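Here's the structure we're looking at; comments come further down.
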Amino acid sequence: MMSMIAENLKRIKADLPAQVQLVAVSKTKPNAAILEAYEAGQRVFGENKIQEMTDKYDALPQDIEWHMIGHVQRNKVKYMAPFVALIHAVDSLRLLTEIDKQAERNNRVIPCLLQLFIADEETKFGLSEDELFELLDSEAFKALHHIKIQGLMGMATFTENQDQIRQEFSTLHHIFEKVQTYNHLPNVECKTLSMGMSNDYPIAIDCGSTMIRIGSTIFGERNYELNK
Ligand SMILES: *Cc1c(COP(=O)(O)O)cnc(C)c1O
């Protein structure tokens, strides 16, 4: 019999266009649940805490691709620098500079997404469009050789209003296309648009998402109390 997690993955993937990659968001979930998804063929997992991701990296199969999807503290970048496959939520030149430094120490180039603030909420992190282009146009950015800007990430407002969500994702897609005009820079290869979560991913895909981050629809609801 197929596990619930395997069934959920199969159902989600059946409707995904070929260009859309699925990140299974496993934050707060035990290794056994991740292994169930792994057995079902999933290889890309997303976590939002560096310590938790590092523990899971040590314990789980080495061919898993680990994505950091949460807000990153600069002093913790060094713990994930040896293995992280993609950092989704880079929102400052200072953070990018620290990632570059730790990547160089590990003799690698770390792929990053710049997080854009698109929601109508106080609590979400991210750059404004102006700040994004200020960063990309700066000389300090051009001097970073151990990061690669692979695209953008954003979160829509948590709302029932589908039109608003669609508008926010469309805005992000429009900015994504503008960033592609920077692809001549050696540290830019804008090809990934990370947008869409359990409650809004079909809209995100309609609006041009190439990477969705799905947690609860795969693994079930999270219980933060039990995992604190
Ligand atoms: C938790 C989280 C997700 C997944 O959320 P679900 O609603 O469970 O799909 C996606 N992106 C980020 C940045 C998250 O923190």
Side-chain angles (χ1 to χ4, degrees), residues 4-16 20-30 33-34 36-37 40 42 44-54 56 64-73 76-77 80 84-92 95 99 111-127 150-162 164-165 168-169 172-173 176 192-228:
M4 188 67 92
I5 289 172
E7 276 180 35
N8 291 341
L9 277 169
K10 192 175 169 196
R11 196 183 59 245
I12 294 166
K13 284 164 82 168
D15 293 330
L16 284 191
V20 179
Q21 203 183 8
L22 171 62
V23 179
V25 176
S26 48
K27 62 189 186 195
T28 79
K29 297 296 174 183
I34 298 174
E36 269 187 47
Q42 182 67 25
V44 182
F45 292 87
E47 290 283 335
N48 71 338
K49 295 210 166 69
I50 292 174
Q51 179 67 55
E52 184 176 342
M53 183 172 79
T54 303
K56 287 172 172 173
I64 288 178
E65 250 186 58
W66 292 101
H67 289 201
M68 173 44 58
I69 63 169
H71 185 68
V72 174
Q73 286 173 276
K76 292 190 180 157
V77 171
M80 65 174 167
V84 67
L86 183 63
I87 303 177
H88 286 235
V90 178
D91 63 357
S92 74
L95 174 57
I99 296 168
C112 295
L113 306 179
L114 293 171
Q115 182 177 6
L116 263 284
F117 177 85
I118 51 169
D120 182 21
E121 283 171 13
E122 294 282 327
T123 54
K124 303 237 157 104
F125 295 101
L127 299 158
Q150 203 186 289
L152 302 180
M153 178 270 215
M155 277 186 271
T157 304
F158 190 74
T159 173
E160 294 293 312
N161 185 340
Q162 312 278 299
Q164 182 179 355
I165 295 172
E168 291 170 356
F169 283 148
L172 186 57
H173 182 256
F176 172 71
T192 301
L193 182 53
S194 168
M195 61 183 195
M197 307 172 34
S198 289
N199 62 320
D200 59 18
Y201 76 88
I203 305 177
I205 292 171
D206 266 1
C207 296
S209 171
T210 73
M211 187 175 275
I212 57 173
R213 310 176 309 271
I214 307 291
S216 41
T217 300
I218 298 171
F219 294 108
E221 293 300 323
R222 285 176 295 275
N223 186 332
Y224 284 101
E225 294 312 309
L226 282 177
N227 284 282
K228 280 257 159 70

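What you see is a predicted model, and the numbers here were worked out from it, not measured in a lab. Atoms within a ligand are numbered from 1 in the order they appear, just like the ligands themselves.
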Tell me whether His88 reaches ligand 1 (any heavy atom closer than 4.0 angstrom to a ligand atom).
no
Walk me through it: do Ile118 and Phe169 pass the test side chain to side chain contact (heavy atoms under 4.5 Å, CB included)?
CA-CA 8 Å; Ile118 51 169; Phe169 283 148; 4.2 Å; yes
Please indicate whether any nitrogen or oxygen in Ser198 is less than 3.5 Å from any nitrogen or oxygen in ligand 1.
yes
Tell me whether Lys56 contacts the main-chain N or O of Lys29 through its side chain, where contact means a donor paired with an acceptor under 3.5 Å.
yes
Find all atoms of ligand 1 within a distance of less than 4.0 Å from any non-hydrogen atom belonging to Arg213, and give their numbers and elements.
4 (C), 9 (O), 10 (C), 11 (N), 12 (C), 13 (C)
Exercise: do Glu47 and Ser26 side chains pair donor with acceptor under 3.5 Å
yes
Is there any N or O on Ser216 that sits under 3.5 Å from an N or O of ligand 1?
yes
Going by the order shown, which atoms of ligand 1 are within less than 4.0 Å of some heavy atom of Ile214?
9 (O)
So, taking the atom named OH in Tyr201 and the one named CG in Leu22, what distance separates them when rounded to the nearest 0.5 Å?
8.5 Å
Within-shell test, Asn199 vs ligand 1, heavy atom, strictly < 4.0 Å
no
Which of the numbered atoms in ligand 1 are below 4.0 angstrom from a heavy atom of Ile69?
2 (C), 11 (N), 12 (C), 13 (C), 14 (C), 15 (O)
Near Gly215, which atoms of ligand 1 are under 4.0 Å from a heavy atom of that residue?
4 (C), 6 (P), 8 (O), 9 (O)
Check the surroundings of atom NZ in Lys10: do more than 12 heavy atoms from other residues, nucleotides or ligands lie under 6.0 Å from it?
no
In terms of ring plane angle, is the pair Phe125 and His71 parallel, tilted or perpendicular, where the classes change at 30° and 60°?
parallel
